[in-house]
**Q** 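First the structure, which I've put down as structure tokens, then a few questions once you've had a look.
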Amino acid sequence: MTEHHLGEHIRRVRRRRGIAQADLAAQAGVSVDVIRKLERGRRHTARMDTLIRIAAALDQTVADLVGKPRGLVVGAEESEMYRLRRAVLDVIPAESEPPTSETLRIELGENWGLYWAGRYAPLARALPYGITAARAGVRAACSGAETVRAQEVLADFLHLTASLLAHLAHDDLAALAMHQALTAAYASDNPLVAAGLSASRVWLLSRQGLTGEAENLAMATAREVEPRMGTANVDQVAIWGENLRYGCVALARGGRHAEARELLPRLAGAAARIEAERPSRPWQARVEDKKGTAPLAGLGFGATLAGITAVTVAAADDRYREALRLEAQVPAFDSISPAMRSRHLLTVAWAQMAEFRSADSVGTLLRAEKLAPEMLAHQTIARTIVTELLPRRSRQRLPGLASLAARMGVPTS
């Protein structure tokens, strides 16, 4: 892998575009000192919202800016991305007799299981068949009820595909898969399917630095699907809560910290309603409860994710000690998927890094890697933390950091 240094990349792109440091700073809404320190290597990273603004000013994605690799980093075997692209573009011939929607839902649950475990390589190999079979199921449907079921399954397969592609830094293909998923969701005539997709759309927009658009979509969807807490079923509340959660995070990462904090009590209220009817249980038990059913969106929502969101909001506002205090209060950590746990630990590692608790940050990164080994190299925040910690080895022993960087493909010098 070609070595990639954030400051060098910023300088190279800035010069290619003919932008002075002061102009880049003005366009990104940061001080020119930040740009100078990054380009000179005196700073090795910056806050995520700063990176988002610099990337936008340079017409880059944050993934491009920090050198995130495209495609599978671990476990690639047989042109997985080529086959996945063909499946999204609908050019793979289907079998003459497609599986039933019920059979495909079982396979869909197994595929989501791979995603929630952060096992991206086997998932990338499995999805082309599922997408192609689900499309064939839609075409073969003979009645209105069969069409609705088939469209729900197709929407969820494409939803999962878009989520995976975003992690693999194939943003345009992810956007296409998400657009197709929405088309299928609307055709299914099940409002929960479309509302569940909205939360992932918000996440995709946020990843691309479109935080304003992400905020607007999340809050608009939350208003549309806001349930009556006394009469709504648990799935409705969970999907509403998911949209509220993503909206809260988008507000925080967009710098609207006070508004994000104002949403936290509503989020906690939705979580309490969920816990009253579907108390926290180990993740695998929750998955088994929903086996063979759709939609799966919102499955993880509850008190744990509400607590994690409070940590994320505090960290985005540079209230790192508060974030670490709140992290100690997050309940039932085993009630969410390994990938969700791993991603939360990256927020914790960021706060520890910012507080110069470098050894603790490395330990937290290693915990995150243990939970979802294949996932870590695809996480922009993980690469950013490792890049910031590496120079600290000159002042402090940080066992395990260099080998972690090597596994992630982050240059150590």
Side-chain angles (χ1 to χ4, degrees), residues 45-49 116-118 203 206 241-242 244-272 274-275 279-283 286 300-373 375-376 379-386 388-389 392 398 400-401 404:
T45 188
R47 289 183 355 178
M48 190 57 64
D49 61 329
W116 287 324
W203 171 69
S206 295
E242 276 290 89
L244 204 61
R245 179 171 77 91
Y246 278 108
C248 188
V249 172
L251 284 167
R253 290 180 177 163
R256 295 164 65 180
H257 305 295
E259 292 170 76
R261 290 195 297 273
E262 287 175 4
L263 286 182
L264 291 175
R266 295 177 69 194
L267 199 63
I274 293 287
E275 296 296 330
S280 293
R281 300 174 62 201
W283 173 252
R286 300 179 82 161
F301 184 75
T304 308
L305 283 182
I308 282 173
T309 304
V311 175
T312 301
V313 168
D317 194 17
D318 293 349
R319 294 181 292 117
Y320 299 120
R321 292 183 184 179
E322 175 70 1
L324 295 172
R325 184 188 69 79
L326 291 169
E327 194 277 330
Q329 301 174 7
V330 173
F333 200 42
D334 68 345
S335 70
I336 58 174
S337 74
M340 292 176 189
R341 279 177 263 166
S342 181
R343 178 57 185 83
H344 168 63
L345 288 175
L346 297 182
T347 301
V348 176
W350 179 280
Q352 291 167 330
M353 175 202 75
E355 286 290 303
F356 286 89
R357 292 170 48 182
S358 303
D360 289 342
S361 184
V362 172
T364 302
L365 286 170
L366 293 173
R367 284 176 60 202
E369 183 190 34
K370 187 175 181 180
L371 281 166
M375 189 182 88
L376 208 64
Q379 293 293 317
T380 300
I381 186 175
R383 302 179 69 84
T384 305
I385 295 167
V386 170
E388 176 65 27
L389 288 174
R392 300 185 187 182
L398 296 174
L401 179 59
L404 173 63

**Q** Just how far is it from atom CD1 of Ile385 to atom OG1 of Thr347, taken to the nearest 0.5 Å?
**A** 7.5 Å
**Q** With salt bridge (Lys or Arg N to Asp or Glu O under 4.0 Å) as the rule and sequence neighbours excluded, what pairs involving residues 341-355 come up?
**A** Arg321-Glu355
**Q** Please name all residues satisfying side-chain hydrogen bond (donor to acceptor under 3.5 Å, both in side chains) with Gln352, sequence neighbours left out, ordered by chain then number.
**A**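 side-chain hydrogen bond (donor to acceptor under 3.5 Å, both in side chains) check on Gln352 returns Thr364.
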**Q** Less than 4.5 Å apart, side chain to side chain, heavy atoms only: is that true for Tyr246 and Ser206?
**A**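 Answer no - side chains too far apart.
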**Q** Can you tell me how far CD of Glu369 sits from CG of Leu345, rounded to the nearest 0.5 angstrom?
**A**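 Here the interatomic distance stands at 12.0 Å.
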**Q** Atom CD in Gln379, atom CG in Leu346: separation rounded to 0.5 Å?
**A** 6.0 Å
**Q** Is there a side-chain contact between Leu326 and Gln329, using heavy atoms and a 4.5 Å cut-off?
**A** yes
**Q** Is there a side-chain contact between Val386 and Leu404 (heavy atoms, below 4.5 Å)?
**A**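 Side chain of Val386 against side chain of Leu404, heavy atoms only: contact under 4.5 Å found.
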**Q** Could you tell me which non-hydrogen atom of Ser361 sits nearest to which non-hydrogen atom of Ala349, and how far apart they are?
**A**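 Here Ser361 and Ala349 meet closest at OG-O, 2.8 Å.
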**Q** Return the minimal non-hydrogen interatomic distance between Leu376 and Ala368, and the atom names on each side.
**A** CD1-CB, 4.1 Å
**Q** With side chains defined as the heavy atoms from C-beta onward, is the minimum distance between Phe301 and Leu267 less than 4.5 Å?
**A**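 Phe301 reaches Leu267 side chain to side chain.
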**Q** To check you understand the geometry: which heavy-atom pair defines the closest contact between Val313 and Cys248, and what is its length?
**A**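 It is CG2-SG, 3.7 Å.
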**Q** Which heavy atom in Gly247 sits nearest to a heavy atom in Leu263, and how many Å separate them?
**A** C-CD1, 4.5 Å
**Q** Between Glu242 and Arg245, does the side-chain contact (heavy atoms from CB on, under 4.5 Å) criterion hold? Intermediate values first, please.
**A** CA-CA 5 Å; Glu242 276 290 89; Arg245 179 171 77 91; 2.9 Å; yes
**Q** So does Met353 get a backbone contact from the side chain of Arg392, meaning a donor-acceptor N/O pair under 3.5 Å?
**A**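 Yes: the side chain of Arg392 pairs with the backbone of Met353.
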**Q** Looking at side-chain heavy atoms only, is the closest gap between Thr304 and Met340 below 4.5 Å?
**A**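 SC-SC contact between Thr304 and Met340 ruled out.
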**Q** Walk me through whether Glu388 and Trp350 qualify under side-chain contact (heavy atoms from CB on, under 4.5 Å).
**A** CA-CA 10 Å; Glu388 176 65 27; Trp350 179 280; over 6 Å; no
**Q** Enter the distance from Glu259:CD to Leu251:CG here, rounded to the nearest 0.5 Å.
**A**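 That separation rounds to 5.5 Å.
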**Q** Hey, what do you get for OG (Ser337) to CG (Leu371), rounding to the nearest 0.5 Å?
**A**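 Here the rounded value is 9.5 Å.
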**Q** For residues Ala306 and Ala271, report the shortest heavy-atom separation together with the two atoms involved.
**A** CB-CB, 3.8 Å
**Q** Looking at side-chain heavy atoms only, is the closest gap between Leu389 and Leu365 below 4.5 Å?
**A**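 When only atoms from C-beta onward are counted, Leu365 and Leu389 do touch, with a gap below 4.5 Å.
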**Q** Ala351 and Ala323: which non-hydrogen atoms are nearest, and at how many Å?
**A**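 Result for this residue pair: CB-CB, 4.5 Å.
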**Q** Atom OG of Ser342 and atom NZ of Lys370: how far apart are they, to the nearest 0.5 Å?
**A**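 Answer for the OG-NZ pair, Ser342 versus Lys370, is 12.5 Å.
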